[in-house]
**Student:** 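Have a look at the structure that comes next, please.
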Amino acid sequence: MKRVLCIVFIVLFFAACLIPTVGLAINGPSEAAANEAPVSKLRLIKTNGSINTSFLSDLQTYVSNGFYLRLNLITAWDKLCANVFHTSANEDVLIGPDGWLFYGAAVDGISGANQLTDREIWCSARSLYLMQEYAESQGAAFVFAVPCGKYTLYPEHAPDYVTVAESSNLSRLTTVLDEQGVNYADLYTAFSAVDEELYWKWDSHWNSKGAALAADVILASVGMESDYFSGPFTAEANHLGDLYEMLYPTGTELEMDYAWSEGFTFTYTSSFGNYDDVTIKTANEDGTGSLLMFRDSSGRNLYPYMAQSFATAWFSRLRSYRLDYIAQQQADVVVIELAERTLDYILEYPAVYPAPERNESVLSDASKAESVLTADESDETLEGYFQLTGTLPETAVDSPVYILTANGTVYEAIPNEGSFTAWLPTDTDWETAAVYVFQ
């Protein structure tokens with residue numbers, strides 16, 4: 001009898017092991033999880049008729065990322081680890097002692113392990129100053145806003161082993177923004193003053209009530225009045241958290257969200273798919289002025305409040321801020337909203353606008369720098385201008401970057417640590433240009 005039971009067990013065990021592979025062959029690959037790309041179709045022969053020499057590695061990826069019931073098994077394993085061992089099996093999601101979920105990739109930015117250098121902080125602030133200067137030259141008010149990460153606002157819910165540094169990229173940047181005179185919406189102070197948790201427990205973003213507070217702070221920073229945060233709000237359990245979905249891809253537990261009971265009256269003037277559209281355009285006859293807003297995922301539930309306040313609004317998810325859109329939109333207000341953990345995007349994706357001219361006197365104490373210049377004269381991003389980039393030697397932490405052209409015109413470039421970017425008129429003789437910095 002024991003022999004029979006052993007044989008039955010072995011048969012059932014191997015049959016169970018075959019289910020993922022057989023299911024894959026019959027049903028095709030499983031759906032991708034929330035933060036994953038769909039599994040690519042296997043091809044032995046490429047579209048150009050050649051043999052796919054990577055077929056075996058593609059097959060391995062196809063099976064490992066697409067086997068039958070994959071998401072169900074991931075969810076079951078993650079729930080086991082969370083409930084029994086009180087830890088996360090997903091390196092991208094961390095679990096706090098009271099069940100709060102945090103984005104793992106944001107840890108380095110708040111712990112001090114991967115902070116920007118002093119030069120990068122200064123360059124970020126200077127870049128924002130130059131954006132503000134250009135916006136104001138076009139008749140538009142400018143404001144920069146940073147949604148704080150959950151680690152920063154709610155460290156008491158974070159895992160015990162996560163350390164929040166006293167001096168973060170955000171705190172260091174805001175200090176230099178004040179020195180540069182950049183208009184900054186202080187969301188950290190506003191959220192810290194509220195005795196209510198305005199971020200979702202299982203999501204990396206603020207909830208819709210938190211977005212209402214953010215809208216009030218941003219609008220106030222450009223002299224506009226609003227009181228969205230006072231509500232009233234209607235509460236409903238209807239939100240599936242992004243971190244929850246990453247950890248439990250087949251999970252169905254929903255969190256409470258808050259709908260602004262007054263109701264939005266703006267309309268969409270562009271084709272609208274969902275809140276993650278690269279471009280969203282709106283109009284509201286009850287609003288005033290025109291808005292150009294560059295936003296990230298935190299703008300998903302922020303943009304409706306902003307759209308409600310303006311007669312016309314243009315929301316963009318482009319990482320490179322196209323300030324030339326100010327004229328196209330005839331914008332009265334420009335908002336740059338950027339999450340705390342991606343502050344490095346300011347340097348990684350230089351904004352698009354004509355380099356400002358400066359008086360030649362700014363070069364009086366500057367030194368000519370050895371720089372390798374590269375021009376992309378075929379780039380038609382900004383009509384009438386081309387993009388010039390160049391390398392830089394080590395400079396003073398607070399050194400601007402100036403470009404002196406053959407005709408004596410001086411431009412200020414967008415600075416970075418070890419490089420710079422500038423949009424110059426197409427008739428500029430860039431090959432004879434000289435670069436100046438402060439050592």
Side-chain angles (χ1 to χ4, degrees), residues 119-120 122-140 142 180-182 292 294 316 318-331 334 336 344-439:
R119 172 64 178 167
E120 288 174 325
W122 189 89
C123 289
S124 298
R126 189 63 181 177
S127 296
L128 288 164
Y129 169 81
L130 294 174
M131 288 186 235
Q132 176 175 284
E133 181 185 47
Y134 178 75
E136 291 176 346
S137 74
Q138 300 299 299
F142 178 92
Q180 293 279 332
V182 176
L292 173 61
F294 296 94
S316 172
L318 291 175
R319 288 182 176 177
S320 182
Y321 304 132
R322 294 290 304 272
L323 297 189
D324 54 312
Y325 288 176
I326 295 175
Q328 185 176 347
Q329 175 66 6
Q330 296 183 326
V334 176
I336 305 289
D344 58 325
Y345 284 7
I346 300 171
L347 300 178
E348 188 174 350
Y349 304 100
V352 178
Y353 58 92
E357 293 187 23
R358 301 297 188 221
N359 189 287
E360 195 169 354
S361 62
V362 299
L363 305 181
S364 59
D365 296 321
S367 302
K368 186 175 180 180
E370 293 293 330
S371 178
V372 177
L373 302 179
T374 304
D376 188 355
E377 296 179 281
S378 63
D379 190 337
E380 299 180 353
T381 301
L382 187 59
E383 186 177 358
Y385 295 82
F386 68 93
Q387 187 184 59
L388 181 71
T389 58
T391 60
L392 288 175
E394 186 174 349
T395 68
V397 168
D398 58 352
S399 173
V401 179
Y402 298 114
I403 303 168
L404 175 63
T405 60
N407 65 2
T409 305
V410 178
Y411 298 96
E412 182 171 349
I414 301 171
N416 201 340
E417 186 169 56
S419 65
F420 68 86
T421 301
W423 291 89
L424 302 181
T426 53
D427 59 356
T428 303
D429 182 5
W430 64 271
E431 293 182 338
T432 61
V435 178
Y436 286 82
V437 297
F438 297 93
Q439 302 292 342

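In what follows, residues are counted from 1 in the order of the sequence shown. The figures here come from the full heavy-atom set of this structure, side chains too, leaving out hydrogens, waters and symmetry mates. Here the structure is a predicted model, which is why all the values come from computation and not from measurement.
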**Student:** Considering non-hydrogen atoms only, spot the tightest contact between Pro400 and Trp122 and give its length.
**Tutor:**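 Answer, listing the atom of Pro400 first, then Trp122: N-CH2, 3.6 Å.
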**Student:** How many angstroms lie between OG1 in Thr405 and CG in Leu388, if you round to the nearest 0.5 Å?
**Tutor:** 11.0 Å
**Student:** Identify which one of Glu357, Glu133, Arg126 satisfies the side chain to side chain contact (heavy atoms under 4.5 Å, CB included) criterion when paired with Glu412.
**Tutor:** Arg126
**Student:** Could you tell me whether a side-chain N or O of Gln138 sits under 3.5 Å from a main-chain N or O of Ala331, the two making a donor and an acceptor?
**Tutor:**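 No.
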**Student:** When you measure from the side chain of Ser320 to the backbone of Pro350, do you find a donor-acceptor pair of N or O atoms at a distance under 3.5 Å?
**Tutor:**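 Yes; judged by distance alone, with no hydrogens or angles, the pair exists.
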**Student:** For Glu136, is the CD atom crowded, meaning more than 12 foreign heavy atoms sit under 6.0 Å from it?
**Tutor:**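 Yes.
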**Student:** Measuring from atom OG of Ser137 to atom CD1 of Ile326, what distance do you get when rounded to the nearest 0.5 angstrom?
**Tutor:** 7.5 Å
**Student:** Please lay out, stage by stage, how Phe420 and Val435 fare under the test side chain to side chain contact (heavy atoms under 4.5 Å, CB included).
**Tutor:** CA-CA 10 Å; Phe420 68 86; Val435 178; 3.8 Å; yes
**Student:** Where do Ala375 and Trp430 come nearest, in terms of heavy atoms and distance?
**Tutor:**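 So the two residues come closest at CB-CE2, 3.3 Å.
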**Student:** Any side-chain hydrogen bond (donor to acceptor under 3.5 Å, both in side chains) pairs touching residues 414-428, not counting sequence neighbours?
**Tutor:**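 Sorted pair list: Thr117-Glu417.
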**Student:** With rounding to the nearest 0.5 angstrom, report the CG to OG distance, Leu347 to Ser124.
**Tutor:** 3.5 Å
**Student:** Kindly write out the residues that satisfy ring pair (Phe, Tyr, Trp, His ring centres under 6.0 Å) with Tyr345, not counting sequence neighbours, or none if the list is empty.
**Tutor:** Tyr349
**Student:** Report yes if some heavy atom in the side chain of Arg358 is under 4.5 Å from a heavy atom in the side chain of Leu363; otherwise report no.
**Tutor:**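 The answer is no; the side chains never approach within 4.5 Å.
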**Student:** For atom CD of Gln439, decide whether the heavy atoms of other residues, nucleotides or ligands shown that lie under 6.0 angstrom number more than 12.
**Tutor:**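 Yes, CD of Gln439 has more than 12 neighbouring heavy atoms, counting only those of other groups under 6.0 Å.
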**Student:** Taking all non-hydrogen atoms of both residues into account, name the closest pair between Leu130 and Ala413 and its distance.
**Tutor:**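 What the structure gives for the nearest pair is CD1-O, 3.6 Å.
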**Student:** If I compare all heavy atoms of Leu373 with all of Ala433, which pair ends up nearest, and what's the gap?
**Tutor:**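 Closest heavy-atom pair between Leu373 and Ala433: CD1-O, 4.0 Å.
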**Student:** Can you say whether the rings of Tyr402 and Phe438 are parallel (under 30°), tilted (30 to 60°) or perpendicular (over 60°)?
**Tutor:**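 Rings of Tyr402 and Phe438: perpendicular, as their planes differ by over 60°.
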**Student:** Quick check: do Ser316 and Phe294 have side-chain heavy atoms less than 4.5 Å from each other?
**Tutor:**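 SC-SC contact between Ser316 and Phe294 confirmed.
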**Student:** State the CG-CD1 distance between Leu292 and Ile336, to the nearest 0.5 angstrom.
**Tutor:** 7.5 Å
**Student:** Any pair with a residue in residues 353-375 that passes ring pair (Phe, Tyr, Trp, His ring centres under 6.0 Å), sequence neighbours left out, goes on the list, sorted by first then second residue, please.
**Tutor:**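 Listed by first then second residue: Tyr134-Tyr353.
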**Student:** Count the heavy atoms belonging to other residues, nucleotides or ligands that lie under 6.0 Å from CD of Glu348, then report whether that count exceeds 12.
**Tutor:**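 Yes, CD of Glu348 has more than 12 neighbouring heavy atoms, counting only those of other groups under 6.0 Å.
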**Student:** May I ask you to check whether over 12 heavy atoms, not counting those of Gln328, lie within 6.0 Å of atom CD?
**Tutor:** yes
**Student:** Taking C-beta and beyond as the side chain, do Phe142 and Val182 meet within less than 4.5 Å on heavy atoms?
**Tutor:**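 The answer is yes; the side chains approach within 4.5 Å.
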**Student:** For a quick test of reading the model, state the closest non-hydrogen atom pair linking Arg119 to Ala396 and the distance between them.
**Tutor:**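 Taking every non-hydrogen atom into account, NH1-O, 3.3 Å.
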**Student:** Between the side chain of Thr391 and the main-chain N/O of Val372, is any donor-acceptor distance below 3.5 Å?
**Tutor:**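 Yes; judged by distance alone, with no hydrogens or angles, the pair exists.
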**Student:** Looking at every non-hydrogen atom in both residues, tell me the closest pair between Ala355 and Tyr411 and how far apart they are.
**Tutor:** O-CD2, 3.5 Å
